[in-house]
Number of protein chains: 2
Amino acid sequence: MAIPRSGPNMSAIAAALGVSAATVSNALSGKGRVSPELIERIRAKAAELGYVPSLAARALRTGRTGVLGLVLPDIANPLFPQIAQAIENAASNAGYGVLIADSRGDVARQTEAINRLLERGVDGMVIVPRRGTRIADVGCPVAVIDTPSTPGNTVAADHWDGGAQMGRHLSSLGHRKVLLIGTSASSNVQNDRIGGLKAGLGAGVECEVLWIEKVEAAGGEGCPLGLAERAEAGFTAFAAVSDLSALRALTELQRAGIGVPEAVSVTGFDDLVWSPVVTPALTTMRMDMAAIADLAIAALIRAIGPEGEAEEALAGRVASETDRVPMQLVIRQSTGAPYSGGTPNSHAQPPIKPTAGEHKS
Amino acid sequence: MAIPRSGPNMSAIAAALGVSAATVSNALSGKGRVSPELIERIRAKAAELGYVPSLAARALRTGRTGVLGLVLPDIANPLFPQIAQAIENAASNAGYGVLIADSRGDVARQTEAINRLLERGVDGMVIVPRRGTRIADVGCPVAVIDTPSTPGNTVAADHWDGGAQMGRHLSSLGHRKVLLIGTSASSNVQNDRIGGLKAGLGAGVECEVLWIEKVEAAGGEGCPLGLAERAEAGFTAFAAVSDLSALRALTELQRAGIGVPEAVSVTGFDDLVWSPVVTPALTTMRMDMAAIADLAIAALIRAIGPEGEAEEALAGRVASETDRVPMQLVIRQSTGAPYSGGTPNSHAQPPIKPTAGEHKS
DNA sequence: ATGCCCTGATTAAACGTTTAAGCACGCATA
DNA sequence: TATGCGTGCTTAAACGTTTAATCAGGGCAT
């Protein structure tokens, strides 16, 4: 039955101008030998007729679909919007479409998702792997966004350095006993951030790591983390490696009547949507997602190559050396110098008005 | 140069079995007349050779790509993960791929995004429109997810009823003066929720609407909303129409030393990631995104149709009557009976331990 | 005047599938 | 025995593009 495509095709343009379809193709792609005047006439005619090339036909002929796959560990992850937006933008600037696939935190589903994309003929894919997963060789160019310490990684924020920056920030404010809060000990990203934090805080600072996953294994999901007790025990700063944990810490401390930042400081990571609008606004580390996405897409496109001949050599991982993109410290109102008189807990929340949030320029 | 596709094609199977390619096609699609035994042999051979059909060739021939587009007002929206995940899941169950397009909150970009998807030959698209936008006729089946009161909407959560449920919840707790908090007065979804809230609260309850957009126009982004003053003025409940605003309210009130839920109650909408883990955990309304996505995809597939002949009739909007999916009230710790002795403000945060969060079963 | 190369175009095949149309054969009916 | 029909398969065309191969013609050197 063959559903007729809406618009005109190359033959229509060719017929209208009395030339062959191949010439139209050459003119529009700029590949063969066509006289400049004719190229112009063809361009004009194409525009006049509202010609739109059939991506399907092109894909069939060239083996290139012009589509990239984006595989995410869990779309429900709050960081996802930033990633997806940046990747979509970078890809679309490069003329590629983005097909999404969610692995829902499951390794089996991750493989399945990758296969679905492969069947759809994506030219390459960006994979943000599930924590601790190593991506096996796929049948197409792949860019992995995880953390520089992950083997086979392509491009990532410099999580370690981000941790170090935050560590120095807290240390320079005078904090000497800091609780580091992570979600899962199996996350490479979180481990790198924590490593950086420890290094940035320096040898003179006492610190301890709290893994939420372990606390919840005992107390159930969403259970209290017992941060008030930690404050009483002398911790003056709570450095979470994710804004979600930071928010959890902030509200738990506030709720216990411990003032932030007067009594203790709280910091996060990733500058998620709520960070600028909570009270006090969260001091956090921001990734340059746009830069990361640009690098990932550029690497992918390089690997896809202009002709696909040397693909064999590049088919596996896209780059040998990971590109590290620096993170940026965003100082807001949740950090300050540690309270130095009395116990932190005695320093109840003041009846002051909340400080004004940052005003974006 | 023609990059050779990896796997075998129909001709390979046909050759191996000594039959024609057309028969293979018929056997695998179950369309033509092929003997049961031969079908079985062909199936087996296909599996043996690891045959994967070329979607490009099929698309070229049939005019169907098997890909749906997902157009979002702003990927950075915190609600987006839920939507994308649900749509991706529903589509992939139905054998469709999902191409994303971000309109970045911009109407012009929204049109542009739609066109990009169209050029890529999507079979249909799911559009979550930018606030207040009406989707013009596109050249393919479209499912609009907004709110039932939007003309041309296809499927949506029953935002009004959700508001009503929340209103009744607050009213039954005894609240008689409630501040409704919205972001933008131009959002149909938010207006519906607020309408429902007012109705659910009933005539005996005094309420006022605070639009954050207006406050920020004067005070700058992220500025304080002045909720402590509202509490002093006798408001005992703060019902936000988004969890982001609710979180903002919660932290601002906590920071001012006003106990939630002892002194005042705070409620949100959408059950975003952080809602269960903040202290106190947020009482909120949850959408059944999976159901919404299933309905949207089902409607789309119905409109795409088995043959595409009657497409003319359905090309515009997919359904005449909007499917309303009920919302679900999730009661957590941020709501309670209003404090009845003294002024709310005098009831400072108690030095109690935070209550335990909900434990998922 | 002949041969050669360069330019600007054309022709034709190919990518892998779907599908309308056709064909041969066996079986039942007239 | 001829007619007709349903079954099971084949043939061939088509979808719209890209691209290798070819070709006609003009300018230039020999």
Side-chain angles (χ1 to χ4, degrees), chain A residues 1-42 45-46 49-66 119-121 123 306-309, chain B residues 1-42 45-46 49-66 119-121 123 306-309:
Chain A
M1 95 141 301
I3 298 152
R5 273 215 330 149
S6 41
N9 54 20
M10 285 195 162
S11 313
I13 300 179
L17 259 50
V19 299
S20 78
T23 302
V24 175
S25 173
N26 283 328
L28 294 179
S29 69
K31 285 200 172 175
R33 293 178 302 207
V34 188
S35 67
E37 314 94 289
L38 185 47
I39 289 189
E40 205 34 63
R41 285 207 297 145
I42 289 178
K45 202 58 167 181
L49 298 180
Y51 167 71
V52 174
S54 155
L55 280 313
R58 180 177 296 169
L60 176 57
R61 177 64 231 240
T62 62
R64 303 282 183 71
T65 53
E119 288 180 16
R120 294 214 173 273
D123 293 339
E307 279 307 329
E309 10 215 0
Chain B
M1 107 132 295
I3 298 153
R5 271 214 333 148
S6 44
N9 53 19
M10 285 197 162
S11 313
I13 301 178
L17 260 49
V19 299
S20 78
T23 303
V24 176
S25 174
N26 283 329
L28 295 179
S29 68
K31 286 201 170 171
R33 295 177 301 208
V34 188
S35 69
E37 314 95 288
L38 186 48
I39 289 188
E40 204 35 62
R41 286 206 298 142
I42 289 177
K45 201 59 166 182
L49 298 180
Y51 168 70
V52 174
S54 155
L55 281 312
R58 181 176 295 168
L60 175 56
R61 177 64 231 245
T62 63
R64 303 280 183 71
T65 54
E119 288 182 15
R120 293 215 173 272
D123 294 338
E307 281 307 331
E309 10 216 359

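Chain letters run A, B, ... following the sequence lines, proteins first and then strands; every chain starts at 1. Here the structure is a predicted model, which is why all the values come from computation and not from measurement.
For A:Ser54, taking side-chain heavy atoms from C-beta onward, the closest of the listed nucleotides D:dT17, C:dT10, C:dT19 is D:dT17. Side-chain atoms of A:Ala22 lie closest to C:dT11 of the nucleotides C:dT11, C:dG16, D:dT17. Between C:dA9, D:dC9, D:dG16, one nucleotide has an atom nearer to the side chain of A:Arg61 than all others, and that is D:dG16.
A 4.5 Å side-chain heavy-atom check between B:Leu28 and B:Met10 finds at least one atom pair inside the cut-off.
For the pair A:Ile13 CD1 and C:dT10 P, the interatomic distance rounds to 14 Å; values are reported in whole Å. D:dT18 atom C1' lies 10 Å from atom CG of A:Leu60, rounded to whole Å. Atom pair B:Met10:CE and D:dT11:C1' shows a separation of 16 Å (rounding to whole Å applied). One can place CG of A:Asn26 at 15 Å from P of C:dT7, the figure rounded to the nearest angstrom. In this entry the distance linking CG of A:Leu17 with P of C:dT10 reads 10 Å, nearest Å. Taking atom CZ of residue A:Arg64 and atom C1' of nucleotide D:dT19, one finds them 14 Å apart after rounding to whole Å. A:Arg33 has its CZ atom 7 Å from the C1' atom of C:dG8, to the nearest Å. When the P atom of C:dG16 is taken as reference, atom CG of B:Leu49 falls 14 Å away, rounded to whole Å.
Note that CG of A:Leu60 is 5.5 Å distant from OG of B:Ser54, once rounded to the nearest 0.5 Å.
Exactly one of B:Ile13, B:Val24, B:Val19 qualifies for a side-chain contact (heavy atoms from CB on, under 4.5 Å) with B:Lys45. That residue is B:Ile13.
With the nearest nucleotide of DNA chain C identified for both A:Ala21 and A:Pro36, A:Pro36 has the one nearer the 5' end. Take the nearest nucleotide of DNA chain D for B:Glu37 and for B:Ala57: the residue whose nucleotide is more 5' is B:Glu37. Residue-to-nucleotide proximity on DNA chain D shows that, of A:Ala56 and A:Thr23, the 5′-proximal contact is made by A:Ala56.
Of the possible donor and acceptor atoms, one in the side chain of B:Asp123 sits under 3.5 Å from a partner among the backbone N and O of B:Thr65.
For C:dT18, the OP1/OP2 oxygens have a side-chain nitrogen or oxygen of B:Ser25 closer than 4.0 Å. Between B:Ser35 and D:dT7, a side-chain N or O to OP1/OP2 separation shorter than 4.0 Å is absent. The phosphate of C:dT19 (OP1 or OP2) has a side-chain N or O of B:Lys31 nearer than 4.0 angstrom.
In this structure, A:Ser20 reaches the bases: a heavy-atom distance under 4.0 Å links it to at least one base atom across the strands shown.
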